[in-house]
Amino acid sequence: MLYWLLRRVLLGPLIRVLYKPWVKGLENIPKKGPVILASNHLSFSDHFFLPLHVNRKITFLAKAEYFNGRGVKGRLTAMFFRGVGQIPIERAGGRASEAALRTGMKVLDKGELLGIYPEGTRSPDGRLYRGRTGVARMALESGIPVVPVAMISTFEVQPPGKLIPQLLPKGKVGVVIGEPLDFSRYEGMSTDRFVLRSVTDEIMYQLMVLSNQEYVDIYAATMKERLAAAKRSGADVGLPSGHAELAVTPGGHGAPAEESSEDEAKKGRKVKKAKKDDDAA
């Protein structure tokens with residue numbers, strides 16, 4: 001299968017030599033059984049660095065646009081995703097969201113690892129954005145734990161719009177894997193939108209702590225639209241109200257401070273709670 005060929009022969013060894021990526025918390029991913037891996041999404045290269053460390057195949061729910069691109073880049077991207085067994089999903093909401101949920105559940109029913117990016121798209125600037133509630137629905141309907149996964153410095157490897165990955169100092173890129181999150185206390189509440197938002201925010205909070213990213217309480221897709229509109233008009237896009245107050249270095253990582261990220265988190269760097277709206281998966 002192309003997945004293992006890329007990981008073990010074609011790309012895996014090359015990535016290890018060029019970047020010397022590290023991993024922390026690998027023991028938090030069970031050696032067997034279904035698990036939902038919920039990750040922040042900094043760049044296209046996330047698809048390479050996480051599977052590099054995990055000896056089980058990870059099936060990601062990938063946006064349908066990856067499979068429908070035009071030109072050489074589009075065809076190569078589609079070929080890659082099909083070859084490694086990734087599943088295209090529509091993100092339009094409604095029936096499309098329900099279909100994406102059922103697709104993910106089929107992967108879990110097989111006892112496999114399901115990778116999902118709760119933000120729904122790559123971060124436009126390295127910060128962590130509001131999560132979509134699809135991951136919460138899967139967790140509550142399946143009763144399967146969610147393992148939070150933080151990608152570190154992959155934004156610098158391949159920022160938005162960059163086709164060719166950038167070389168970084170060896171040992172800078174890494175993956176932090178948190179302890180499994182158990183949401184069994186919400187059993188039977190998978191249709192409650194407030195519960196779904198609460199579960200999603202808990203997952204995003206853990207990702208914020210693990211990655212030390214600044215959290216922004218709007219969807220990444222909304223920020224991308226604002227940035228595109230600002231670019232057309234020549235205006236500047238400032239930080240949205242309600243953003244987490246953190247000093248941020250390029251790539252979205254918090255600047256070094258005397259206090260640990262855990263201490264800072266306890267002081268109020270919390271994910272905003274439920275808004276009264278229905279979130280698309």
Novice: I'd like to know if the side chain of Thr154 and the backbone of Met151 have a donor-acceptor N/O pair within less than 3.5 Å.
Specialist: no
Novice: May I ask you to test the Leu101-Met138 pair for a side-chain heavy-atom distance under 4.5 Å?
Specialist: yes
Novice: Kindly give the heavy-atom pair with the smallest separation between Ser153 and Leu168, and that separation in Å.
Specialist: O-CD1, 3.7 Å
Novice: With a 4.5 Å cut-off on side-chain heavy atoms, are Tyr3 and Ile58 touching?
Specialist: yes
Novice: Looking at every non-hydrogen atom in both residues, tell me the closest pair between Ile15 and Phe49 and how far apart they are.
Specialist: CG2-CE2, 3.5 Å
Novice: Would you confirm whether Gln86, through its side chain, and Leu61, through its main-chain N or O, come within 3.5 Å as a donor-acceptor pair?
Specialist: no
Novice: Test side chain to side chain contact (heavy atoms under 4.5 Å, CB included) on Tyr186 and Val199 and set out the steps.
Specialist: CA-CA 9 Å; Tyr186 296 119; Val199 169; 3.5 Å; yes
Novice: For the residue pair Arg122 and Phe44, would you count it as a cation-pi contact if the rule is NZ or CZ under 6.0 angstrom from the ring centre and within 45 degrees of the ring axis?
Specialist: no
Novice: Could you check if a side-chain atom of Val147 sits within less than 4.5 angstrom of a side-chain atom of Leu181, using non-hydrogen atoms only?
Specialist: no
Novice: Would you find more than 12 non-hydrogen atoms of other residues, nucleotides or ligands less than 6.0 Å from Gln166 atom CD?
Specialist: yes
Novice: List the steps, then state whether side chain to side chain contact (heavy atoms under 4.5 Å, CB included) holds for Val149 with Val176.
Specialist: CA-CA 6 Å; Val149 178; Val176 181; over 6 Å; no
Novice: What residues, two or more places apart in sequence or in another chain, satisfy ring pair (Phe, Tyr, Trp, His ring centres under 6.0 Å) together with Phe183?
Specialist: none
Novice: Rounded at 0.5 Å granularity, tell me how far CZ in Arg137 sits from OG in Ser142.
Specialist: 11.5 Å
Novice: Measuring from Tyr215:OH to Asn40:CG, what's the distance to the nearest 0.5 Å?
Specialist: 13.0 Å
Novice: Test of understanding: with side-chain contact (heavy atoms from CB on, under 4.5 Å), list the residues that count as partners of Leu10, not counting sequence neighbours.
Specialist: Leu5, Leu6
Novice: Other than Val17, what residues sit in its cluster of Ile, Leu, Val, Met, Phe, Trp and Tyr side chains whose heavy atoms are under 4.5 Å apart, directly or through others?
Specialist: none
Novice: Could you check whether any side-chain N or O of Arg130 sits under 3.5 Å from a backbone N or O of Ala220, counting only pairs where one atom can act as donor and the other as acceptor?
Specialist: no
Novice: Quick one: is the NZ or CZ of Arg8 closer than 6.0 Å to the six-membered ring centre of Trp4, and within 45° of its axis?
Specialist: yes
Novice: Should Met204 and Arg132 count as side-chain neighbours, where that means a heavy-atom distance under 4.5 Å?
Specialist: no
Novice: Taking the side chain as every heavy atom from C-beta outward, state whether Leu128 and Leu207 have any atom pair closer than 4.5 Å.
Specialist: yes
Novice: Would Glu156 and Lys162 satisfy salt bridge (charged side-chain N to carboxylate O under 4.0 Å, His left out), going step by step from the backbone distance to the final call?
Specialist: CA-CA 10 Å; Glu156 293 97 318; Lys162 295 291 184 180; over 6 Å; no
Novice: Rounded to the nearest 0.5 Å, what separates atom CD1 in Ile203 from atom OG in Ser198?
Specialist: 10.0 Å
Novice: Please confirm whether the backbone N or O of Ser43 pairs with a side-chain atom of Asp46, one donor and one acceptor, at under 3.5 Å?
Specialist: yes
Novice: Are Leu18 and Leu163 joined in one hydrophobic group, where the rule is that I, L, V, M, F, W and Y side chains link up if heavy atoms are under 4.5 Å apart?
Specialist: no
Novice: Working to the nearest 0.5 angstrom, can you tell me the gap between Leu227 CG and Asp125 CG?
Specialist: 7.0 Å
Novice: Taking the side chain as every heavy atom from C-beta outward, state whether Met208 and Leu210 have any pair of such atoms under 4.5 Å apart.
Specialist: no
Novice: Output the distance between atom CZ (Arg193) and atom OG1 (Thr200), rounded to the nearest 0.5 Å.
Specialist: 14.0 Å
Novice: To the closest 0.5 Å, what do you measure between CG (Leu26) and CD1 (Ile177)?
Specialist: 5.0 Å
Novice: Sequence neighbours left out, what pairs pass salt bridge (Lys or Arg N to Asp or Glu O under 4.0 Å) with at least one residue falling in residues 180-191?
Specialist: Arg185-Glu202
Novice: Just list the side-chain donor-acceptor pairs under 3.5 Å for residues 103-120, sequence neighbours left out, or say none.
Specialist:
from, atom 1, to, atom 2, distance (Å)
Thr103, OG1, Ala99, O, 2.8
Glu119, OE1, His41, N, 3.0
Glu119, OE2, Tyr129, N, 2.8

Novice: Among pairs that include at least one residue of residues 19-34, which meet side-chain hydrogen bond (donor to acceptor under 3.5 Å, both in side chains), considering only residues two or more places apart or in two chains?
Specialist: none
